[in-house]
There are 6 protein chains.
Amino acid sequence: MYHLTMGEIKFLKEYLTGDSKDGDITSSILGERRGRFVITVEDQCVISGIEPVSHLFETVGASVLLPDGIGSGSKVGKGVTIMTVEGLSREILRVERTSLNILSRMSGIATLSRKAQDIVEKASSGTRVAGTRKTTPGFTLFEKRALMDGGALPHRMNLSRMSMLKDNHIAALGGGPEGIKIGVRELRKLYGQYNIIEVEAEDPEQGIAALEAGADIIMLDNMSPKECGKVAARIKDRARELTRSVTIEASGGITMENLSDYAPHVDIISLGFLTYGARPVGFKMEMV
Amino acid sequence: MYHLTMGEIKFLKEYLTGDSKDGDITSSILGERRGRFVITVEDQCVISGIEPVSHLFETVGASVLLPDGIGSGSKVGKGVTIMTVEGLSREILRVERTSLNILSRMSGIATLSRKAQDIVEKASSGTRVAGTRKTTPGFTLFEKRALMDGGALPHRMNLSRMSMLKDNHIAALGGGPEGIKIGVRELRKLYGQYNIIEVEAEDPEQGIAALEAGADIIMLDNMSPKECGKVAARIKDRARELTRSVTIEASGGITMENLSDYAPHVDIISLGFLTYGARPVGFKMEMV
Amino acid sequence: MYHLTMGEIKFLKEYLTGDSKDGDITSSILGERRGRFVITVEDQCVISGIEPVSHLFETVGASVLLPDGIGSGSKVGKGVTIMTVEGLSREILRVERTSLNILSRMSGIATLSRKAQDIVEKASSGTRVAGTRKTTPGFTLFEKRALMDGGALPHRMNLSRMSMLKDNHIAALGGGPEGIKIGVRELRKLYGQYNIIEVEAEDPEQGIAALEAGADIIMLDNMSPKECGKVAARIKDRARELTRSVTIEASGGITMENLSDYAPHVDIISLGFLTYGARPVGFKMEMV
Amino acid sequence: MYHLTMGEIKFLKEYLTGDSKDGDITSSILGERRGRFVITVEDQCVISGIEPVSHLFETVGASVLLPDGIGSGSKVGKGVTIMTVEGLSREILRVERTSLNILSRMSGIATLSRKAQDIVEKASSGTRVAGTRKTTPGFTLFEKRALMDGGALPHRMNLSRMSMLKDNHIAALGGGPEGIKIGVRELRKLYGQYNIIEVEAEDPEQGIAALEAGADIIMLDNMSPKECGKVAARIKDRARELTRSVTIEASGGITMENLSDYAPHVDIISLGFLTYGARPVGFKMEMV
Amino acid sequence: MYHLTMGEIKFLKEYLTGDSKDGDITSSILGERRGRFVITVEDQCVISGIEPVSHLFETVGASVLLPDGIGSGSKVGKGVTIMTVEGLSREILRVERTSLNILSRMSGIATLSRKAQDIVEKASSGTRVAGTRKTTPGFTLFEKRALMDGGALPHRMNLSRMSMLKDNHIAALGGGPEGIKIGVRELRKLYGQYNIIEVEAEDPEQGIAALEAGADIIMLDNMSPKECGKVAARIKDRARELTRSVTIEASGGITMENLSDYAPHVDIISLGFLTYGARPVGFKMEMV
Amino acid sequence: MYHLTMGEIKFLKEYLTGDSKDGDITSSILGERRGRFVITVEDQCVISGIEPVSHLFETVGASVLLPDGIGSGSKVGKGVTIMTVEGLSREILRVERTSLNILSRMSGIATLSRKAQDIVEKASSGTRVAGTRKTTPGFTLFEKRALMDGGALPHRMNLSRMSMLKDNHIAALGGGPEGIKIGVRELRKLYGQYNIIEVEAEDPEQGIAALEAGADIIMLDNMSPKECGKVAARIKDRARELTRSVTIEASGGITMENLSDYAPHVDIISLGFLTYGARPVGFKMEMV
């Protein structure tokens with residue numbers, strides 16, 4: 001169980017405001033009736049979203065009970081009860097759909113992430129999969145948590161957390177190895193070592209230029225597993241000559257099928273489809 | 001082109017705040033450099049999201065140009081340029097990923113909605129498909145717009161806009177036809193005819209009870225096309241006897257495959273998968 | 001007792017912020033002194049505002065006690081104690097004036113609404129009086145509750161809840177029956193049956209046009225009771241021919257005196273003066 | 001013309017948000033149609049509210065034209081056009097009702113205030129009428145402006161602006177002249193001369209105690225004109241002995257009828273009914 | 001112990017949001033570990049900030065214990081424990097630095113204020129020192145409290161609380177005694193006696209003009225102690241002739257060294273350096 | 001000139017709201033009078049704050065002119081005009097004090113930072129000085145900018161940007177080298193290489209433990225220059241053996257006097273006094 005951040009709590013409040021600022025004009029007729037409701041899962045999955053959903057129910061005065069062994073990151077089978085909620089029925093029903101939507105989307109991402117990380121670990125212990133910025137606006141923070149619940153790295157949380165020079169930035173700086181050098185140097189001057197600099201490299205020359213300019217992470221974009229291996233090796237060799245640390249990330253054109261071919265060559269594999277391609281898991285809530 | 005609501009504008013601002021409240025510490029080094037960027041689509045689709053994305057770019061001072069014939073709701077082929085953006089590169093790149101994420105998800109939903117509505121119209125002119133509340137928290141308003149861009153109805157926008165007595169509400173009111181009557185009567189007393197009342201019916205008796213109590217819309221839940229047809233006919237007959245209008249909606253267990261079997265029997269078919277099951281469409285932005 | 005919505009709670013917080021964001025620089029000198037205060041009513045009335053005022057006092061840590069039989073909607077006589085409040089005196093006094101202002105205005109509206117509804121019910125059981133949008137900006141939500149506490153319908157809560165084609169809209173669409181048809185058709189296409197459409201009609205032709213176009217509610221504007229009766233009958237007849245439901249509302253030029261003449265002809269009578277013309281009821285709070 | 005404060009602008013935005021956060025789902029169908037609308041007044045009155053209403057229309061992109069001689073504080077006759085508005089019809093209609101409600105209530109207060117101030121000035125040049133805190137929550141700032149537009153003083157704007165020891169405060173401090181002394185002394189110690197201290201006095205002893213303790217304003221509560229004159233004279237005499245300035249305010253039980261009897265004895269007469277008892281003035285907006 | 005205002009509480013929340021909206025990504029790994037921490041002071045000082053810091057810790061669920069005799073305004077010696085905090089270590093550490101920063105800056109101001117007020121009181125009992133508007137944006141409210149904890153007056157809290165005609169205002173109104181008269185008269189007309197009017201005077205003529213126009217406080221700007229004494233005496237004499245109260249304030253060019261020379265001549269001495277020139281006091285927090 | 005972030009703009013708006021939400025009740029009487037004002041500096045300094053102050057004036061509709069060669073980071077002499085502002089006098093005066101307070105504090109920090117960085121560069125080219133978290137709550141973002149304007153590194157912007165295991169964290173994890181290892185390992189597992197990990201080391205063993213566990217930056221706390229040099233050398237040697245990058249930071253007990261003794265041994269020297277010990281620079285604004 002993690003602790004929700006102030007940013008996450010603010011978004012949860014926005015969800016409720018957006019849905020029932022002027023009241024749930026159906027449930028309000030239930031008055032002071034109290035009820036007990038169970039949430040069950042309709043497919044086998046890795047659960048994610050327990051923390052935000054518990055917060056939502058507690059926010060409206062309901063109490064939440066989790067069965068033993070259930071928490072974000074747990075693998076559960078079809079039909080399992082993952083949560084029991086008790087309180088004023090009107091308030092629980094007001095929050096029902098938002099809660100199920102959160103569980104559904106987060107568990108979908110966690111399940112896919114777990115599967116991808118398992119494939120990678122089997123092919124190369126120590127290599128990690130990561131998400132990308134291909135998230136859903138307004139739901140990003142929870143998608144990042146879902147990646148982590150599934151064992152993946154969340155990657156960059158937002159544009160203020162670390163620097164990443166991508167193709168468009170490099171082009172705007174004049175392009176090529178020279179553009180990369182200008183960019184890395186300027187960023188280092190402003191923030192020193194208190195900022196991570198990642199550079200997207202499209203060929204070995206760009207990768208070496210990034211390393212020599214001082215990049216911390218080099219992302220090999222859209223290369224075949226074989227090409228990726230060759231370029232990564234060259235960069236790592238050069239880093240050793242400079243007694244420098246460097247992290248190699250692969251991204252672009254990678255699928256669940258060829259994932260294991262990339263794993264031995266790099267430190268991290270970032271995958272957009274973990275967030276945009278995950279199938280939501282079914283959940284339902286019923287009065288008991 | 002529609003006009004964004006204050007609620008939509010607020011969410012767009014939240015997206016930017018969430019992503020770059022403390023600045024885009026990569027793009028900021030681009031200083032006063034200006035650039036021209038094109039956004040192209042990577043798959044054939046129905047475009048959606050032109051309005052919010054234009055707003056985002058304009059918010060950061062960039063100007064937006066739409067090619068002739070491009071707007072939300074347009075069908076476009078693979079590789080087509082859907083937007084040209086010009087302004088300070090640092091600002092355009094700050095907004096890039098959020099914009100592509102919006103276009104990607106909204107166009108996915110619009111494309112699937114268009115397809116579903118076309119199937120239904122072919123089977124029964126006048127019948128409409130609709131979304132449900134199975135949306136992504138924090139992105140719901142735009143998913144509703146995407147449904148509309150694809151020709152589907154957005155259904156209930158939030159819990160304050162109309163009343164819907166679902167299984168859990170009816171159970172909390174004692175269950176069965178009697179629970180339905182209590183619920184409809186109480187809602188009518190509070191809000192009169194200024195509120196739409198929809199009731200979820202699981203069998204013909206519940207449907208008839210809902211009609212007689214005064215429901216405006218009756219949703220037939222999880223019935224086969226045949227059963228659905230039979231129950232809908234009974235309710236419509238009874239409505240005629242009462243000289244009353246009534247709308248019949250089908251929902252639950254409906255797929256793209258059996259959609260056309262439901263169409264002739266009902267007024268509206270609501271489909272959760274239009275929002276949760278749509279595949280995001282690929283878009284990319286490049287400096288020119 | 002109803003449950004305040006998030007929107008109402010937000011406004012109550014704004015009231016306090018507006019009044020004492022930088023502190024109540026008189027009451028603050030009372031330090032930790034505690035007190036017990038009673039609120040009494042100075043005129044016979046229908047009470048309204050118990051819920052928001054209780055919330056205000058509880059927000060600042062005071063406890064609220066309601067005498068038996070006192071609640072929003074209760075009729076009370078002059079001099080009756082309607083609430084006892086106990087806690088830190090500085091906090092109770094900080095909230096005093098805002099609380100009395102709320103009770104005063106809401107009870108005024110509830111009292112007048114009760115009176116109007118009683119007149120109408122006597123003349124025609126089943127007919128309802130309703131408020132309008134002639135409310136006080138910033139206090140509208142509570143004025144709508146006060147209408148309901150007095151037995152009136154709140155009518156449209158805001159511009160997003162239902163559609164109402166008024167004279168200016170119809171004029172902008174070309175005017176006359178044709179303008180009405182265009183408007184109703186367009187709204188129905190966008191939102192289907194998930195949106196109520198009300199149309200303001202100034203003569204029988206407009207009323208019939210509205211009905212045939214598919215309007216749910218037809219508002220007869222500024223007609224005499226007799227004229228109103230004639231037009232309403234024509235519309236109802238036509239609705240029967242079409243086996244359609246329709247609601248008839250009268251508005252404009254109606255007073256407490258002629259109210260009972262309209263009642264037999266229509267379903268709803270909406271009255272602007274219920275909110276703008278109600279005399280505030282006197283309340284006072286005293287330490288005991 | 002005054003300049004709206006940030007607090008007033010924030011409230012105006014809240015009014016729009018409350019009314020059309022999710023859009024005006026009627027007017028939105030008017031698309032890009034533009035229109036010209038005039039606002040006319042239905043009764044003779046002192047106009048108030050020109051500034052906030054102009055701001056609302058300008059906020060939604062419309063342009064506002066004021067006829068010569070029209071501004072807040074102007075006296076106008078029945079049927080006069082006070083404003084012409086031009087722009088997108090959908091936006092102007094979205095703001096129509098809120099604007100008319102503001103004009104209506106503010107002009108009612110300004111008209112009554114003007115009348116009361118005229119009566120007082122005639123009886124005693126230099127004496128001023130003032131409002132009180134008996135305002136409508138959420139609309140207070142505009143009611144204060146309306147008082148000023150009618151020539152009355154707004155009195156205390158909120159609980160942070162000056163101190164006022166009322167009966168309940170004095171009671172909490174032990175009551176009587178001693179309670180008054182404790183209160184005044186403590187307030188003076190905390191804020192020095194940077195804070196105005198007003199004290200409510202129910203008899204001459206309390207008035208003298210307040211003066212001697214250092215109060216700036218003494219409010220004579222619920223006294224007859226004659227009694228008021230006697231007490232005021234005693235306090236003024238004592239102030240002269242102390243070479244001190246003091247302001248005398250009368251309040252409680254004063255009506256439009258006996259107002260002129262109080263005027264010669266005091267500096268200020270504060271009247272709750274200026275805000276809670278003013279009859280809203282009728283305004284209407286029509287397309288031209 | 002005072003009660004924090006809504007405005008202060010809002011700022012405290014902003015401080016936390018600014019620092020850890022997306023979480024404290026170090027402390028979060030401490031999970032459910034609890035700890036007990038003591039805060040000690042590193043220099044002799046007058047403590048200030050106990051109330052906001054206690055609020056911060058309580059906001060994150062920790063409990064706060066104050067040793068006997070410790071509170072805002074207390075004089076403490078080096079090394080003294082001023083607070084013990086107990087709760088979840090991750091939460092206490094998240095708030096640690098913000099809390100120490102508040103204590104450090106507020107205690108610095110309170111210590112210097114106490115020293116200045118002691119000097120002044122010794123030279124002239126009844127004379128007070130006061131702060132100015134030379135505060136730190138975003139921290140002003142707490143600097144005002146720190147002044148009060150040190151025995152100084154906070155002076156004007158913000159631009160809405162009282163009026164102060166300074167050199168630039170007077171210049172904009174035409175300058176000189178005439179500019180002063182216009183300004184005072186206009187302000188008095190608008191707000192009557194419910195607003196304090198302070199005027200900055202640069203010579204005796206301006207001071208007399210301000211008094212005669214009706215100013216409540218006259219600030220003698222940048223005069224030597226001797227000159228200040230002469231001008232103050234002239235103004236006080238004229239006030240006696242008019243049986244009027246007036247407050248004299250000295251400001252500009254005053255230091256800790258010459259402070260006692262000004263004290264006998266004026267009512268208040270306002271000192272910018274109390275806020276901008278105070279040395280922060282050292283505090284540290286350690287786990288025990 | 002940099003571009004203000006959304007977070008900075010939000011704070012600037014808060015400053016104005018805090019100061020004049022209910023209006024500047026002095027300046028408002030200036031009506032439509034326009035004026036031209038110059039801001040001059042009263043001491044030689046490195047200017048900082050041009051961007052936020054320009055934004056403030058532009059926000060209220062004034063235009064800003066900067067003399068050639070003036071910008072944040074410029075060294076200027078006493079009496080120099082740094083900005084000319086033109087517009088409505090009432091609006092410029094409303095913003096005056098907040099603007100001067102910003103310039104004053106930021107320029108103080110920039111001036112001291114520049115001086116410290118110059119000392120360090122002279123002693124060891126490539127070594128940088130940095131700020132710490134000892135900032136003023138509510139003004140931190142601008143203090144960080146001021147550090148950068150003076151050539152110093154801003155260090156960690158907030159608790160979400162990078163991880164820093166300090167003494168209290170290490171103690172909570174069991175203390176000593178073992179506590180360090182647990183902490184670094186856990187953080188790396190959660191965020192991989194997308195997060196910088198800094199560790200505070202109090203002796204060589206802790207420094208080596210941090211390096212071996214994978215820390216990116218090691219902060220040597222409270223060591224003499226000589227000790228610092230010895231420990232830094234040991235850590236750098238070990239890093240070379242591991243072909244690893246590592247950054248060494250010194251902090252604690254460092255003054256302007258001994259700064260140059262630390263410079264040759266480390267990469268970064270972080271100094272709390274750059275923010276809490278800087279003397280504000282005097283600025284004034286005058287009408288011309």
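Excluded from the calculations below are hydrogen atoms, water molecules and symmetry mates; all remaining heavy atoms, backbone and side chain alike, are included. Just so it is clear, the model here is predicted, and its values are computed rather than measured. Each chain gets a letter, A, B and so on, in the order its sequence line appears, and its residues count up from 1.
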Any non-hydrogen side-chain atom of B:Phe11 less than 4.5 Å from a side-chain atom of A:Glu14? yes
With a 4.5 angstrom heavy-atom cut-off, which part of B:Thr135 approaches chain A: side chain, backbone, both or neither? both
Let me know if B:Leu12 has heavy atoms under 4.5 Å from chain A in its side chain, its backbone, both or neither. neither
Only pairs of heavy atoms separated by less than 4.5 Å count here; which of A:Ile182, A:Leu159, A:Thr136 has the most with chain B? A:Leu159
Examine distances only and state if a side-chain atom of A:Asn168 and a backbone atom of B:Met285 form a donor-acceptor pair shorter than 3.5 Å. yes
Return the option, out of B:Asp19, B:Ile29, B:Asn158, B:Asp22, with the maximum number of heavy-atom pairs under 4.5 Å with chain A. B:Asp19
Kindly write out the residues that satisfy side chain to side chain contact (heavy atoms under 4.5 Å, CB included) with B:Ser89, not counting sequence neighbours, or none if the list is empty. B:Leu30, B:Phe37, B:Met287
Proximity breakdown for B:Asp167 and chain A, heavy-atom pairs closer than 4.5 Å: neither
Would you mind checking which part of A:Leu100 comes under 4.5 Å of any heavy atom in chain B, side chain (CB onward), backbone (N, CA, C, O), both or neither? neither
Using every non-hydrogen atom in the two residues, find where A:Tyr191 and B:Ser28 come nearest and quote the distance to one decimal. OH-OG, 4.1 Å
Should we count CZ of A:Arg188 as having more than 12 external heavy atoms under 6.0 Å? yes
So what's closer than 4.5 Å to chain B heavy atoms on A:Tyr15: side chain, backbone, both or neither? side chain
Where the side chain of B:Asn101 meets the backbone of A:Arg133, is there a donor-acceptor pair that is under 3.5 Å apart? yes
Pairs of heavy atoms under 4.5 Å with chain A: top-ranked of B:Ser104, B:Gly18, B:Ser27: B:Ser27
Look up atom CG in A:Leu190 and atom CD1 in B:Ile25, then write down how far apart they are to the nearest 0.5 Å. 9.5 Å
Pair count under 4.5 Å, heavy atoms only, with chain A: among B:Pro280, B:Ser20, B:Gly272, B:Ala172, highest is B:Ala172
Interface check, chain A: of B:Arg97, B:Arg105, B:Arg33, most non-hydrogen pairs under 4.5 Å belong to B:Arg105
Go through the atoms of A:Arg94 and report whether side chain, backbone, both or neither lie under 4.5 Å from a heavy atom of chain B. both
Region of B:Leu93 in contact with chain A, defined by heavy-atom distances below 4.5 Å: side chain
Run the salt-bridge test on A:Lys166 and B:Glu96 with the 4.0 Å N-O cut-off and return the result as yes or no. no
Within a 6.0 Å radius of atom NZ on B:Lys21, are there more than 12 heavy atoms belonging to other residues, nucleotides or ligands? yes
For residues B:Gly23 and A:Ser160, report the shortest heavy-atom separation together with the two atoms involved. O-OG, 2.8 Å
A:Thr26 side chain near B:Met162 side chain, heavy-atom distance below 4.5 Å: no
